[in-house]
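Here the structure is laid out as structure tokens; the discussion comes afterwards.
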Amino acid sequence: MADTSQAAASTVSAAPKSAPFGKTQDGQEVQLYTLTNAHGVQVSITNYGGIITSLLVPDKDGKLGDVVLGFDNVSGYQSPAYLKAGPYFGALIGRYGNRIAQGKFTLDGKAYSLAQNNGANTLHGGKQGFDKVLWQAQPGSSADGQTLQLTYLSKDGEEGYPGNLTVTVVYTLTPDDALKIDYTATTDKATPVNLTNHAYFNLGSGKDILGHVVTIPADRYTVVDAGLIPTGELRAVKGTPFDFTTPHAIGERIGQVPGGYDHNWVLNETTGMHAAATVYEPTSGRTMEVRTTEPGLQFYTGNFLDGTLKGKGGKVYGQHAGFCLETQHFPDSPNQPKFPSTILKPGQTLQSSTTYQFGLRK
Ligand code: BGC
């Protein structure tokens with residue numbers, strides 16, 4: 001073991017590798033950056049949407065496997081079928097993650113109307129969210145490992161949001177097999193901001209994620225209406241299928257939740273970097289621990305995947321083929337005065353971090 005990791009260590013270069021990933025529909029070149037650590041763990045990220053396209057981590061036999069859903073080429077993320085389905089595989093989400101009811105909010109007495117892209121609501125930023133734009137990329141390295149810094153200027157009025165918002169996201173692959181995502185943002189007008197990543201994980205090799213065992217340290221979740229808009233109520237999870245305070249397989253109670261899990265959990269801890277979730281996949285032995293500075297976690301079980309999309313290696317993505325753990329502020333916060341505020345003001349810097357730590361249980 002020691003020998004192979006030393007051999008691998010000597011081949012790890014200081015900066016991530018980059019390769020062409022195709023062209024956008026309007027002809028712009030897209031790059032794919034691959035960050036590697038001494039264990040051979042590898043994450044590939046494109047500057048189109050900041051999308052994590054693949055993430056190779058070892059299983060209990062030391063065999064590397066890809067634990068995220070995605071495509072081999074940028075055109076996979078731009079096909080009509082993909083855009084119609086709107087799963088946001090692996091993407092950076094903004095300016096506002098999850099839904100804003102009716103695409104409307106009022107800020108400092110002024111009413112704003114956003115691009116509506118989910119019925120009458122705005123989902124994940126609007127028609128062209130941060131997942132569908134080209135980011136400026138700077139590969140590099142830090143004391144924590146190889147990095148990819150992505151920057152995007154979201155202009156005043158883009159998708160209806162006020163203010164020029166400058167967003168920087170740094171992905172870091174650490175020597176101990178964590179993928180760290182650091183978000184910063186500044187604005188020149190007050191605006192709602194809620195940034196996250198929309199990776200779909202499947203830590204095993206099965207076609208669904210129902211056997212994954214999940215823990216979420218949250219005593220409450222935000223209740224939603226039929227359009228998945230929070231009612232404002234924070235309800236206790238105790239005695240319900242939403243109680244993941246102790247480990248439960250995803251499939252154990254999913255049948256009791258119409259459509260599957262697609263809810264925001266109110267994390268018990270809110271200060272500093274705190275626990276958001278742990279996941280264990282028994283057949284591979286892989287584990288994933290999520291920690292964040294955010295107060296909420298959207299646990300989404302790929303309910304709307306229906307087998308129409310074929311991903312890497314021709315793999316068909318059916319219902320529950322992957323799950324997302326999106327660290328975030330709560331959905332529709334701009335219309336919910338009792339939720340933690342998502343308003344960023346000029347002079348302030350938004351700072352948010354999330355780590356996905358991989359490991360093994362043998
Ligand atoms: C939302 C789902 C949505 C999915 C893909 C999730 O973050 O909560 O309702 O279908 O993203 O768009």
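FYI, side chains are in, hydrogens and waters are out, and symmetry mates aren't considered; it's all heavy atoms of this structure. All ligand and atom numbering here is 1-based and tracks the order in the structure.
Heavy-atom proximity to F304, at under 4.0 Å, picks out these atoms of ligand 1: 9 (O), 10 (O). Remark: ligand 1 atoms within the under-4.0 Å shell around heavy atoms of Q298 are 8 (O). Set against the non-hydrogen atoms of E326, the atoms of ligand 1 under 4.0 Å away are 6 (C), 7 (O). In the vicinity of L228, heavy-atom distances shorter than 4.0 Å reach the ligand 1 atoms 9 (O). Using a 4.0 Å cut-off to heavy atoms of G86, the atoms of ligand 1 that qualify are 5 (C), 12 (O).
The single protein non-hydrogen atom nearest to atom 11 (O) of ligand 1 is H198 NE2, 2.7 Å, given as residue, atom name and distance.
Contacts between N98 and ligand 1, counted as non-hydrogen atom pairs separated by less than 4.0 Å, involve the side chain only.
Between Y88 and ligand 1, a contact under 3.5 Å exists for no N or O pair. Considering backbone and side-chain atoms alike, Y200 places every N or O at 3.5 Å or more from each N or O of ligand 1.
Between E294 and S352, the closest side-chain pair of non-hydrogen atoms falls below 4.5 Å.
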Pair S44-T34, side-chain hydrogen bond (donor to acceptor under 3.5 Å, both in side chains): steps then yes or no: CA-CA 4 Å; S44 295; T34 299; 2.9 Å; yes

Chi angles and distances behind the side-chain hydrogen bond (donor to acceptor under 3.5 Å, both in side chains) call for Y77, D131: CA-CA 10 Å; Y77 298 92; D131 59 294; over 6 Å; no

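Here D66 pairs with K312 in a salt bridge; the nearest charged N to carboxylate O distance falls below 4.0 Å.
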